Amino acid sequence: MAFADVREYTHLTDEEIEAIGRELDEIRAEVEADRGQADRDYVTRIITLQRRLAAAGRITLFASFFPPAWLLGTAMLGSAKILENMEIGHNTMHGQWDWMNDPEIHSSNWEWDTTQPAEQWKHSHNYIHHQFTNVLGHDNDIGYGILRMSRDQKWTPYNLGQPVYNFLLAAFFEWGVALHDLDIEAIRKGKKDPKLLKKQLKQIGEKVGKQGFKDYLMYPLLTGPSFFSTLSANFTANLMRNFWSYMIIFCGHFPDGAVHFTEEELEDETRAEWYLRQMLGSANFEGGKLLHVMSGQLGYQIEHHLFPDLPSNRYAHIAVKVRDICKRYDIPYTTGPLHKQYGQTLRTIMKLSLPNRRTSDNPAPLSPRKRRRLDDAERPVRRTELGKWSGAASA
Amino acid sequence: MPEPLTERTPALQRLRRVAATLTTPLAPDDYLKLINPLWSQRELRGRVEKVIPETERAATLVIKPGWGWSWDHHPGQYIGIGVELDGRFHWRSYSLSSVPLKENGTVSITVKAMPEGFLSEHLVNGLAPGTIVRLAAPQGDFVLPDPPPEKALFLVGGSGITPVMSIIRTLDRRGSMPDVVLAYSAVHPEDMMFRDELRQLAETHESFALYERFTDTDGILTPEQLDDVCHDWMDRETWACGPGPMLDAFTDHYKRLGRDEHIHVERFTLNTAGGEASGGTVTFGVGGPSIEVDGATTLLEAGEQAGVNMLFGCRMGICHTCDVPLASGRIRDLRSGEEHDNPNEYIQTCISVAAGDCTLTL
């Protein structure tokens with residue numbers, strides 16, 4: 001079920017929520033003050049690696065008629081595309097590297113290697129999705145206007161096809177993303193400004209043209225006799241990237257434990273409550289360093305949603321502190337291995353293709369949650385009625 | 001902007017266009033710079049070739065510019081130099097002290113380490129040869145007319161010598177030194193940049209007179225003393241470059257005598273706001289609309305009040321939809337209280353306020 005009020009849901013007092021907000025503000029301030037050479041070195045290293053990988057993949061595919069070369073070239077190109085979209089493009093467009101004051105790695109002019117124009121992504125993702133995260137009717141990322149992802153969304157017979165739509169969405173994810181900012185829902189209801197629609201379609205058309213020309217005509221032609229094998233290699237590399245980014249993104253907000261909210265939550269929401277909504281609405285996954293890099297550090301989705309514009313290489317470190325806050329205030333922190341998180345997501349997609357009465361609700365993590373008694377060390381600092389401060393941190 | 005090397009001939013232009021279809025959404029340069037860091041015109045850049053100490057606290061940086069650099073700058077103009085320090089690019093402007101000549105393959109700027117100027121200190125003492133820096137194209141109108149005037153006077157204080165040096169070197173190289181008087185003040189002899197070279201030039205050219213003044217012992221040069229230094233200054237076109245008070249005194253003097261059209265000045269403006277100013281006049285685009293606001297009105301709100309079509313998203317500092325580059329002035333980040341005054345730096349208008357007058361690039 002979707003929740004109307006974060007405060008009520010978590011059983012936290014206003015003071016506690018404000019204290020959490022302050023702690024998170026402090027984490028942000030600490031990282032901001034500490035950003036420097038090591039962070040720049042990280043991102044320039046990843047960018048250099050990605051460009052070398054892409055170039056090596058393209059060159060290897062000149063021999064794509066030879067199966068091992070096809071396999072190697074495709075793997076390199078696919079990995080390069082994944083790195084570009086996830087760790088580099090997504091994060092740069094969030095403004096994570098703007099502090100470097102480097103126009104070559106900056107949110108204002110970064111364009112990424114996929115069919116959606118960066119300008120539209122920054123609107124649909126940075127603004128709509130990150131501001132209205134998991135609020136039904138506001139956040140189009142809940143099912144991308146294609147899938148029913150919450151029991152609070154109305155069921156129609158159309159949803160019976162969800163297993164099929166889901167597969168198609170995964171395979172052609174970049175196309176789903178390309179059309180994302182058009183807001184299909186608004187077009188269906190006739191609420192979309194036709195002028196804006198025309199402008200957006202033109203922008204998408206131009207981008208799609210360039211991307212398609214490159215992958216499906218220029219490189220195949222360049223490789224001459226290997227035309228068709230290069231074409232299939234490029235198609236496969238795009239497919240790899242599509243499946244991968246689909247899976248990572250769906251693991252961000254749909255595993256069990258990540259909750260949805262109704263519109264009422266947005267009313268008079270404070271910054272601290274916004275933080276809390278981000279924590280409750282997002283889910284992490286666990287894995288090694290390579291997995292986190294290849295997923296653009298979105299295994300730290302919770303941290304990313306709290307601080308979308310802090311450098312991605314900092315999320316692992318921030319996560320330790322966020323987990324600690326969650327533990328102290330008894331707030332759920334959803335995480336698990338990637339296969340488990342995606343398994344739960346897939347189960348929800350399948351279940352919700354049927355009407356609510358045919359299926360049971362997924363186990364809700366804490367509704368209502370029984371709060372464990374905290375010991376003194378875990379207890380947050382709290383203002384007493386006498387106007388003094390009590391708790392572990394007070395001297 | 002002049003045409004970059006790679007676009008000089010139609011064939012190269014075509015090649016670049018074809019290459020760009022292969023590298024889209026990036027530019028060919030984004031890959032080429034992996035081979036040679038100067039093979040990119042996305043941002044003008046250069047490699048520091050030599051660092052020549054001039055005095056104890058000043059050094060000349062000889063820089064080899066990369067693709068896209070134009071060699072047609074006018075002597076007296078300045079360039080922007082962006083250096084990476086602890087992960088961030090910081091920008092400053094310095095006059096070119098070199099002759100605009102392509103055959104040299106390099107340009108040079110002379111930097112004096114200012115007290116508390118962390119960047120000038122870094123430029124003088126911290127830049128190793130081989131360092132890649134960013135450059136901004138030459139600009140400024142502190143230049144000689146063509147042909148140069150028959151009689152000229154240069155009034156110079158301290159590091160104000162750098163643009164004048166470029167002018168005098170060019171006159172020397174062309175072998176057309178007109179009647180020039182250079183009145184050059186420095187604190188003491190060790191602090192006087194290019195002293196040997198200037199003395200040499202004064203010996204070579206009869207028409208070039210050098211007047212050296214050391215303010216430690218002689219005091220500063222005042223407009224009233226001008227007659228002693230250069231008796232026919234009223235007949236000369238004057239170029240002045242140096243500290244603000246000196247320039248103010250001379251421009252006032254010229255104005256009183258109705259000669260303000262005959263003095264050209266170059267100011268190295270310093271930020272004197274010191275971070276205490278709060279609010280100010282915000283200008284949207286150079287020459288665009290402006291509005292006076294207090295220190296609590298965000299630049300985004302200011303723009304909207306001024307009727308500017310500002311881009312915005314979340315209005316809470318997370319989505320970066322509203323970012324624009326700062327053209328000049330100083331702003332404060334409301335969240336951190338941190339102030340920014342780097343020209344070209346992108347700022348988030350929804351959480352920034354004016355800390356003094358400022359101009360945004362739109």
Side-chain angles (χ1 to χ4, degrees), chain A residues 25 28-29 32-33 35-44 47-48 51-52 54-55 58 84 89 93-104 106-108 110-114 117-119 122-123 125-128 130-132 207 210-211 213-214 217-219 222 271 274 307-309, chain B residues 18-35 37 40-45 82-91 132 134 136 311-326 333 335-338 340 342-348 350-351 361:
Chain A
D25 281 342
R28 162 182 276 281
E32 279 182 344
R35 287 179 301 207
Q37 195 65 50
D39 302 280
R40 181 178 172 85
D41 290 347
Y42 174 79
V43 71
T44 50
I47 288 175
T48 305
R51 288 181 189 167
R52 288 199 174 132
R58 299 283 190 192
E84 200 281 339
M93 287 189 294
H94 262 297
Q96 294 187 1
W97 305 103
D98 287 3
W99 59 273
M100 302 192 302
N101 194 28
D102 182 350
E104 289 184 0
H106 200 280
S107 65
S108 65
W110 190 272
E111 191 55 77
W112 57 342
D113 187 14
T114 181
E119 192 187 324
K122 282 186 277 188
H123 176 258
H125 180 81
N126 290 11
Y127 173 43
I128 303 289
H130 274 270
Q131 173 83 332
F132 304 109
K207 183 86 193 282
K210 282 185 190 169
Q211 291 291 120
F213 191 65
K214 169 179 73 165
L217 191 67
M218 283 301 277
Y219 278 108
L222 265 184
R271 181 163 175 89
W274 176 85
F307 311 112
D309 59 351
Chain B
V18 173
T21 65
L22 294 172
T23 56
T24 185
L26 295 172
D29 311 42
D30 291 315
Y31 290 93
L32 289 170
K33 76 170 189 205
L34 300 180
I35 305 169
S40 173
Q41 56 169 32
R42 276 210 34 193
E43 290 288 306
L44 287 176
R45 56 188 84 216
V83 291
E84 196 195 314
L85 194 58
D86 199 19
R88 287 177 178 83
F89 275 99
H90 299 266
W91 285 84
I132 300 295
R134 299 280 171 87
L311 269 181
F312 71 88
C314 65
R315 303 185 82 100
M316 58 191 289
I318 57 167
C319 76
H320 289 266
T321 307
C322 65
D323 290 12
V324 297
L326 182 65
D333 185 326
R335 297 173 304 183
S336 60
E338 209 179 308
H340 301 269
N342 263 322
N344 296 329
E345 185 172 356
Y346 278 81
I347 51 167
Q348 292 174 271
C350 72
I351 43 95
T361 306

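For clarity, every value in this text was computed on a predicted model and none was experimentally measured.
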### Query
Which value, rounded to the nearest 0.5 Å, describes the distance between A/Arg40 atom CZ and B/Leu85 atom CG?
11.5 Å

### Task
Heavy-atom distances under 4.5 Å only: say whether A/Trp97 touches chain B with side chain, backbone, both or neither.
neither

### Query
Could you state the interatomic distance from CG (A/Asp98) to CD (B/Gln348), rounded to the nearest 0.5 Å?
7.5 Å

### Task
Just do the side-chain contact (heavy atoms from CB on, under 4.5 Å) check on A/His94 and B/His320 with the steps written out, would you?
CA-CA 7 Å; A/His94 262 297; B/His320 289 266; over 6 Å; no

### 4.5 Å side-chain heavy-atom contact, A/Gln131 and B/Arg315
no

### Message
Rounded to the nearest 0.5 Å, what separates atom CG in B/Leu32 from atom CZ in A/Arg51?
### Response
11.0 Å

### Query
Are the side chain of A/Lys214 and the backbone N or O of B/Thr24 linked by a donor-acceptor pair below 3.5 Å?
yes

#### Entry: Pairs of heavy atoms under 4.5 Å with chain A: top-ranked of B/His90, B/His340, B/Arg45
B/Arg45

## Note on the structure
Rounded to the nearest 0.5 angstrom, the OG1-CZ distance for B/Thr23 and A/Arg58 is 10.0 Å

### Query
Between A/Ala54, A/Ser108, A/Ala55, which residue shows the highest count of heavy-atom pairs closer than 4.5 Å to chain B?
A/Ser108

### Check: A/Tyr219 side chain, B/Leu22 main-chain N or O, donor-acceptor pair, under 3.5 Å
yes

### Query
Is any NZ, NE, NH1 or NH2 atom of the basic residue among B/Arg88 and A/Asp102 found under 4.0 Å from an Asp or Glu carboxylate oxygen of the other?
no

### Query
Roughly how far, to the nearest 0.5 Å, is CG of A/Asn101 from CD1 of B/Ile347?
11.0 Å

### Donor-acceptor contact present, side-chain A/Glu111 to main-chain B/Pro25, <3.5 Å
no

### Message
With chain B as the partner, which of A/Pro103, A/Ala29, A/Ala38 has the greatest number of non-hydrogen pairs under 4.5 Å?
### Response
A/Pro103

### Message
Just verifying a value: how many Å separate B/Met316 CE and A/His130 NE2, rounded to the nearest 0.5 Å?
### Response
12.0 Å

### Message
Between B/Glu338 and chain A, with a heavy-atom cut-off of 4.5 Å, which part of the residue counts as in contact: side chain, backbone, both or neither?
### Response
neither

#### Entry: Contact origin within B/Leu311 toward chain A - heavy atom pairs under 4.5 Å
neither

### Query
What part of A/Leu222 gets closer than 4.5 Å to chain B, counting heavy atoms only: side chain, backbone, both or neither?
side chain

### Query
Which bit of B/Asn344 is near chain A, if near means a heavy-atom gap under 4.5 Å: side chain, backbone, both or neither?
backbone

### Query
Are the side chains of A/Met100 and B/Phe89 in touch, meaning some heavy atoms are under 4.5 Å apart?
no

### Query
How about A/His123 and B/Thr321: do any of their side-chain heavy atoms sit closer than 4.5 Å?
no

### Query
B/Asp323, B/Asp30, B/Asn342: which one forms the most heavy-atom pairs within less than 4.5 Å of chain A?
B/Asp30

### Message
If I measure from the heavy atoms of chain B, does A/Asp113 come under 4.5 Å with its side chain, its backbone, both, or neither?
### Response
both

